[in-house]
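The chains referred to below are lettered A, B, ... by the order of the sequence lines, with proteins before strands, and numbering in each begins at 1. The figures that follow rest on heavy atoms only: side chains count, while hydrogens, waters and symmetry mates do not.
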Amino acid sequence: MPDPMKIRATLQGDVADIRVLMAHPMETGLRKQGGKVVPAHYIQTITAQLNGRTVFSADISQAISRNPVFAFKVKGAKAGDKVVITWKDNEGQSRTDETTVQGGS
Amino acid sequence: MQMNRRTLLQAGAALGAALLVPMRALAAWNKAAFEAKSEADAMRALGMGSPAESKDIEIRAPEIAENGAVVPIEITSNIPGTTSISVFIEKNPFPYTGTFEFPSGTMPYVHLRAKLGETTPVRVVVAASGKFYTTAKEVKVTIGGCGG
Amino acid sequence: MRLAFAGTLAAAAALLASCATTHRGNAEAVAMMKRDFHAEGIATMDRLDQDAVQAECTKYFNDPPADKANELQKAQMATIKWPADGKLLGDWKAGEKIAQNGRGMTWHDKGGVGGSCYNCHQIGPAESSFGTVGPSLYQFGKLRGHGPDMQRYVYGKIFNAKAYNACSTMPRFGHVGALTEHQIKDLTALLLDPASPVNQ
Amino acid sequence: MRHALVLGIAAAVAAGAPWLPAAAQNPDPTAAEFDKFREIMEQDNPAELFEAKGAELWKTPRGPNHVSLEQCDLGLGPGVVKGAYVQLPRYFADAGRVMDAEARIVHCMVHQQGFNFEDLAKKPFSSADRTPDPVLLVTYVAGQSRGMKMAVPQDRPEERAAYEIGDQIFHYRAGSYDFACASCHGIDGARIRTQPLPNFTSKAHAMAASQGWPGYRMTGGVMHTLQWRLNDCFRQQRFPEPGYTSEALSALITYLTVNANGQVYRGPGIKR
């Protein structure tokens, strides 16, 4: 079971600043350990929903850093809106976490 | 055989892109693009043709990266109608790094962190109203500490 | 701003001067390290034992009295093994590789030892990732000449930096057997050979 | 004009200018570029992922004795975690020695949970596929002092002795290359390759020894503590290996942290 994400969603005016940390090795398949190649293992797709509507999606490669960090901004959000983020990796593992938009400055 | 398959893939990708640009370009994780060993091949697999140079794309990334394993990159598109931002790290073994999609209501902005194997241009291609625009920024990768 | 510059320098100098007369014992610390450290890989426990240079430089915060410094330098000078063939300049290209290599003498290092030169010095113009613990050596030969005396100085300095400055931060690469005669010749060439990029 | 300003700042930094804000302090253009992005990196720091795991671990009954660490005394009384990290190292009567955070947590794991010290000390540092429990716990505990001022005690004679011994270890030149900690970290404004070297003998830079540790290290993408940092420093120093959580390391950490008392600790950080 993959470790949970850390999601922060803060309102700035009516824009939700959404920042996410994901626990994932993002193995390139090029790294060697003890003389053996560590197989590629990396997140391929990410989707984010705000109150059930897709607001962000990404297809990514193994060149994204280990323990990935992403941030994006969604207009028309309000405090209490539900943010759900899902990632899927090349080994078929996935993880979904959620948070609510926090009122900010 | 190889040629045919490749041509077919390209055609498929181009067709897909042409049909879906306003809605969702990311129909499926584009294996051909991600496995391409050059930026040009990857862009071809993504059906981007030759994007026009644009000054309306901002890339914020360090001139010299403290560590090539984690290079922060922030991209903002000021092109009206932006639907996606794609990133290519030219000198990486597989340059195509990803595409970020923005349905209407999401600002054309993304922060990501990427691995850079060596000093390289980071190229961004923006899709806006069915057209492609590009700009690039060079990031230097150096030896950091004691090297031992 | 200029005034502040002069003022802070004076303060720094006063601070340094006060350190020069300070020395102290460290028996407790040494005993604790000998109890709490252990040999690892090639790093045996005798590495914690100080020789005269290490002991005196620790004691005097790297600023021993002049007569003590002279005495140490004389003894260190006597350790330098000059090449039997009398030649001090090797191949600057090989020297550049040695200067780049920061490996050697740590716990699990095996094989070749590098000079770690770029860790502390600017040297060739092509390498922008250089340290500043030591002075810049860029254009060293061009600025200071490359005659026999300079060759001898550079070779000797790399072999045993403490022969010239008792408490130099620079390791004694030849004296401790980290670099070979051949490697030191190559590094000497990197700094002095008129064809070396250092002197372009 | 600009040139004069840069010179002035360089000189001020060389002399350790406490009146300048941290952001204005870096005269080295490479280091200044790193500083510019440091804030962005810190804003979203994968260290938080490890902090969260450490929090779980802290309250989970574990070890042969099947108890949690909730009764572990980090110096502020059993179970008090908030603010404990910025007041370590300190003297613990039950152990008869000064202990840094990791030494103390390992002590609790051994004496309360029943873990074997030798097992914990066998591979105490993070690798690509493994983050040892003490590392997660230290990260959690450190996070519970975020935003607080360093207040490492020097009330007891044992704590003052630890500072003095740490000072001596810091200046002790030995090993194949004649290095002391002070060789690289006792000078102002220098760097190794492109990596700036804080001068830990200067009050102005002292916080650099605590700030950012425990830290998420970009190289390898792993979490490391001060115990690891000092271990690897001694490796680079060409010394033998210091014992994990040994008194010598606690003494050195005491020396490095006391000098920063009064400055604000920002929590687990991010490192090159």
Residue part contacting chain C, namely of [X], when any heavy atom lies under 4.5 Å:
X	value
D/Leu197	side chain
D/Asn231	both
D/Ile169	both
D/Phe179	side chain

Name the member of [options] that forms the most heavy-atom pairs with chain C at distances under 4.5 Å.
options	answer
D/Gly166, D/Ala182, D/Ser176, D/Gly243	D/Ser176
D/Gln168, D/Gln237, D/Glu164	D/Gln168
D/Ala161, D/Ala248, D/Gly186, D/Pro242	D/Pro242

Exercise for the section: Check whether C/Val176 gets within reach of chain D through its side chain, its backbone, both or neither, counting any heavy atom under 4.5 Å. Expected result: side chain

Practice task
With a 4.5 angstrom heavy-atom cut-off, could you sort out which part of C/Asn62 is near chain D: side chain, backbone, both or neither?
Solution key: side chain

Handout entry: C/Gln200 atom CD, neighbour heavy-atom count above 12 within 6.0 Å
Key = yes

Problem - Whether over 12 other heavy atoms sit under 6.0 Å from D/Lys203 NZ - result: yes

Practice task
I would like to know whether C/Phe61 and D/His171 meet ring pair (Phe, Tyr, Trp, His ring centres under 6.0 Å); could you show each step before the answer?
Solution key: CA-CA 8 Å; C/Phe61 284 95; D/His171 288 95; 5.2 Å; yes

Exercise for the section: Answer yes or no: is the gap between the SG atoms of C/Cys57 and C/Cys167 smaller than 2.5 Å? Expected result: yes

Residue among [options] with most heavy-atom pairs under 4.5 Å to chain D:
options	answer
C/Gly131, C/Ala55, C/Ala161, C/Gly177	C/Gly131
C/Phe130, C/Phe173, C/Tyr118	C/Phe130
C/Arg172, C/His175, C/Glu28	C/Arg172

Using a strict threshold of under 4.0 Å (side-chain N to carboxylate O), is an ion pair present between [Y] and [X]?
X	Y	result
C/Glu71	C/Lys74	no
D/Arg235	D/Asp232	yes
C/Arg103	C/Asp109	yes

Practice task
With side-chain contact (heavy atoms from CB on, under 4.5 Å) as the test, would you mind laying out the steps for C/Thr58 and C/Gln50 before giving the verdict?
Solution key: CA-CA 9 Å; C/Thr58 299; C/Gln50 292 180 314; 2.9 Å; yes

Practice task
Kindly indicate whether the side chain of D/Ile192, heavy atoms from C-beta on, has any atom under 4.5 Å from the side chain of C/Cys120.
Solution key: yes

Completion exercise
Ordered numerically, the heavy-atom neighbours of chain D under 4.5 Å found in residues 32-48 of chain C are C/Met32, C/Met33, C/Arg35, C/Asp36, C/Phe37, C/His38, C/Ala39, C/Glu40, C/Ala43, C/Thr44, C/Met45, C/Arg47, C/Leu48

Exercise for the section: Show the numbers, then the answer: is there a salt bridge (Lys or Arg N to Asp or Glu O under 4.0 Å) between C/Lys162 and C/Asp51? Expected result: CA-CA 12 Å; C/Lys162 272 73 173 181; C/Asp51 75 350; over 6 Å; no

Practice task
With D/Tyr244 as reference, evaluate D/Gln227, D/Lys122, D/Glu102 under the side-chain hydrogen bond (donor to acceptor under 3.5 Å, both in side chains) test and give the passing residue.
Solution key: D/Glu102

Practice task
Report yes or no: is the cationic atom of D/Arg104 (NZ for Lys, CZ for Arg) closer than 6.0 Å to the six-membered ring centre of D/Phe92, at no more than 45° off its axis?
Solution key: yes

